[in-house]
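Single-structure report; data block below.
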Amino acid sequence: MRPSLMRSASQLLRRRGYSSASGQPERKVAILGAAGGIGQPLALLMKLNPLVSSLSLYDIAGTPGVAADVSHINSPALVKGFMGEDQLKEALEGSDVVIIPAGVPRKPGMTRDDLFNINAGIVKNLSAAIAKYCPNALVNMISNPVNSTVPIAAEVFKKAGTYDEKRLFGVTTLDVVRAKTFYAGKANVPVTDVNVPVVGGHAGITILPLFSQATPATNALSHEDIKALTKRTQDGGTEVVEAKAGKGSATLSMAYAGAVFADACLKGLNGVPDVVECSFVQSTVTELPFFASKVRLGKNGVEEVLGLGELSDFEKEGLENLKGELKSSIEKGIKFANEN
């Protein structure tokens, strides 16, 4: 990459919420599943993040090549690749943030639930390793179905005696990224100025964008527009799977969203004030044990889980409609962790 392009990429990332590293503590970030479709672009983006001093790339195969490739980029983070379970300990030790995109991707006709048995086992094993080797790390769960994999990780950590609800996050940032993009296009406002909270879960109807709270506000959208934007946000993953015609899922946009959320976690750890992102966390916002809503991040992970705010009638209906499916997915994760 030419220096001018490198500068442009770094400037873009900083504009999108990345921070300057001046005077900041050293931070190690580990990516588990770094050779996969999400893991590789995520590794690239985290290498560009000036808050990362050490980048640990782990997978069951292919990581030496990814690590060699990414390590040649002239940004400060030192990159190491680790492959196979015997190297997992070294990959994890000393990590401040662990990002988990490991698992199999969605294919056409496959629901997030179809992924469950494969990815649930992978997440359970990786969570056990995190509990053993870096129990104080902030864990960013990307592996789907997030509505179930976050409860699985929580149960594994509880059994190990390391569970801290402030340090476990389901990454729902892609839902926010999509909601912002779709809203900006329909409302004809600059996308970089847009904010849209997205609450609930991270699959289908459990994804509830709160367009009534979107900023900048607009009167240009009808109720039908809002319904269509909500549906498109909920079906965003399917839109990409179908467009790729069996050759992949939403890997690039997910890597970007994962990098944005990891950066927010790093900023919080470093004491930057008022860092707020939506995430699927242990919650008392509803009667469900886990729920995605706005979260204030800080030096210990979750500083505060924020409430839902005022909802439109359409959003209130969506909230009630999602609870059954979300409850079932959470319980499925807990059951898997306790039975296997």
Side-chain angles (χ1 to χ4, degrees), residues 25-36 38-40 42-43 46-47 49 51-64 66-67 70-71 77-103 118-143 146 148-171 258-259 261-263 265-266 268-270 279 281-282 297 299-302 333-334 336-338 340:
E26 292 197 346
R27 295 295 182 191
K28 177 178 175 179
V29 173
I31 300 175
L32 308 185
I38 296 168
Q40 290 196 43
L42 179 58
M46 295 315 294
K47 175 71 168 107
N49 187 319
L51 297 184
V52 179
S53 48
S54 174
L55 183 60
S56 176
L57 305 181
Y58 172 84
D59 214 320
I60 55 171
T63 17
V66 176
V70 171
S71 73
L78 296 175
V79 181
K80 288 186 179 179
F82 302 92
M83 186 170 73
E85 282 191 33
D86 58 327
Q87 295 186 7
L88 186 52
K89 176 184 177 182
E90 192 182 350
L92 287 172
E93 282 181 333
S95 294
D96 296 289
V97 176
V98 179
I99 314 171
I100 311 180
I118 300 170
N119 288 357
I122 292 169
V123 164
K124 190 175 180 207
N125 292 338
L126 293 176
S127 297
I130 290 167
K132 194 171 180 183
Y133 302 125
C134 57
N136 296 319
L138 303 190
V139 178
N140 292 186
M141 185 69 69
I142 291 174
S143 304
V146 165
S148 300
T149 54
V150 169
I152 289 170
E155 291 301 306
V156 172
F157 295 154
K158 284 175 188 175
K159 283 182 184 170
T162 65
Y163 182 55
D164 181 350
E165 70 272 15
K166 295 179 178 180
R167 295 178 179 271
L168 176 60
F169 303 88
V171 180
F261 187 74
D263 181 70
C265 288
L266 290 167
L269 286 174
N270 289 351
S279 183
V281 296
Q282 183 172 311
L297 299 165
K299 292 186 175 182
N300 298 303
V302 176
I334 293 169
F336 177 90
N338 290 328
N340 292 273

Check: Val281 and Leu168: side-chain contact (heavy atoms from CB on, under 4.5 Å), yes or no, with the steps?
Finding: CA-CA 7 Å; Val281 296; Leu168 176 60; over 6 Å; no
Margin query: For a side-chain contact (heavy atoms from CB on, under 4.5 Å) check, start with the C-alpha distance between Leu78 and Leu55, then their side-chain angles and the critical distance, and finish with the verdict.
Written below: CA-CA 6 Å; Leu78 296 175; Leu55 183 60; over 6 Å; no
Notebook entry, point to check: Yes or no on side-chain contact (heavy atoms from CB on, under 4.5 Å) for Phe169 and Leu138, after CA distance, side-chain angles and deciding distance?
Noted result: CA-CA 8 Å; Phe169 303 88; Leu138 303 190; 4.2 Å; yes
Note to self: Run the side-chain contact (heavy atoms from CB on, under 4.5 Å) test on Lys80 and Tyr58 for me, step by step, so that the C-alpha distance in whole Å, both residues' side-chain angles and the decisive distance to 0.1 Å come before the verdict.
What the structure shows: CA-CA 9 Å; Lys80 288 186 179 179; Tyr58 172 84; over 6 Å; no
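Judged purely by atom type and a 3.5 angstrom limit, Asp263 has no side-chain atom pairing as donor or acceptor with the backbone of Ala259. A donor-acceptor pair under 3.5 Å is absent between the side-chain atoms of Glu155 and the main chain of Pro151, judged by distance alone. No donor-acceptor pair under 3.5 Å is formed between the side chain of Glu93 and the backbone N or O of Tyr133.
Looking at Ile142 and Ile100, their side chains never come closer than 4.5 Å, going by heavy atoms from C-beta outward. In this structure, the side chains of Ser56 and Leu92 stay at 4.5 Å or more apart for every pair of heavy atoms. Side chains of Asn270 and Pro25 form a contact here, defined as non-hydrogen atoms less than 4.5 Å apart. Residues Phe157 and Ile130 meet the side-chain proximity criterion, which asks for heavy atoms closer than 4.5 Å. Side-chain contact check for Phe82 versus Asp59: every heavy-atom pair is 4.5 Å or farther apart. A heavy-atom distance below 4.5 Å is found between the side chains of Val70 and Lys47. Side-chain contact between Val29 and Ser54 is absent, with no heavy-atom pair separated by less than 4.5 Å. At a threshold of 4.5 Å between non-hydrogen side-chain atoms, the residues Lys299 and Leu269 do not count as touching.
For the atom pair Ile152 CD1 and Asn125 CG, the distance stands at 10.5 Å (nearest 0.5 Å). Between Asn136 atom CG and Thr162 atom OG1 the span is 8.5 Å, to the nearest 0.5 Å. Considering OG1 of Thr149 and CG of Leu126, their distance stands at 11.0 Å, rounded to 0.5 Å. For the atom pair CD1 (Ile99) and CD1 (Ile31), the distance works out to 5.0 Å, reported to the nearest 0.5 Å. The structure places CG of Asp164 at 12.0 Å from NZ of Lys158, a figure rounded to the nearest 0.5 Å.
Annotation for Met46 and Ala262: closest pair CE-CB, 3.8 Å, computed over non-hydrogen atoms. When all heavy atoms of Ala34 and Val66 are compared, the closest pair comes out as O-CG1, 3.8 Å. The minimum heavy-atom distance between Met141 and Ser127, with the atom names listed, is CE-OG, 4.5 Å. Contact between Ala128 and Val156 at its shortest, heavy atoms only, is N-CG1, 3.5 Å. Of all non-hydrogen atoms in Asn49 and Leu266, the two that sit nearest each other are ND2-CD1, 4.3 Å. When all heavy atoms are compared, the tightest approach of Val123 to Ser143 is CG2-CB, 3.7 Å.
Using modelled atom types and a 3.5 Å distance limit, the side chains of Gln282 and Tyr163 yield a donor-acceptor pair.
Under the 4.0 Å criterion applied to side-chain N and carboxylate O atoms, Lys28 and Asp96 are not assigned as salt-bridge partners.
No more than 12 heavy atoms of other residues, nucleotides or ligands sit less than 6.0 Å from atom CD1 of Ile60. In this structure, Lys159 places its NZ atom where more than 12 heavy-atom neighbours from other residues, nucleotides or ligands lie under 6.0 Å away.
With respect to Val302, the side chain to side chain contact (heavy atoms under 4.5 Å, CB included) criterion is satisfied by exactly one of Lys166, Arg167, Glu165: Lys166.
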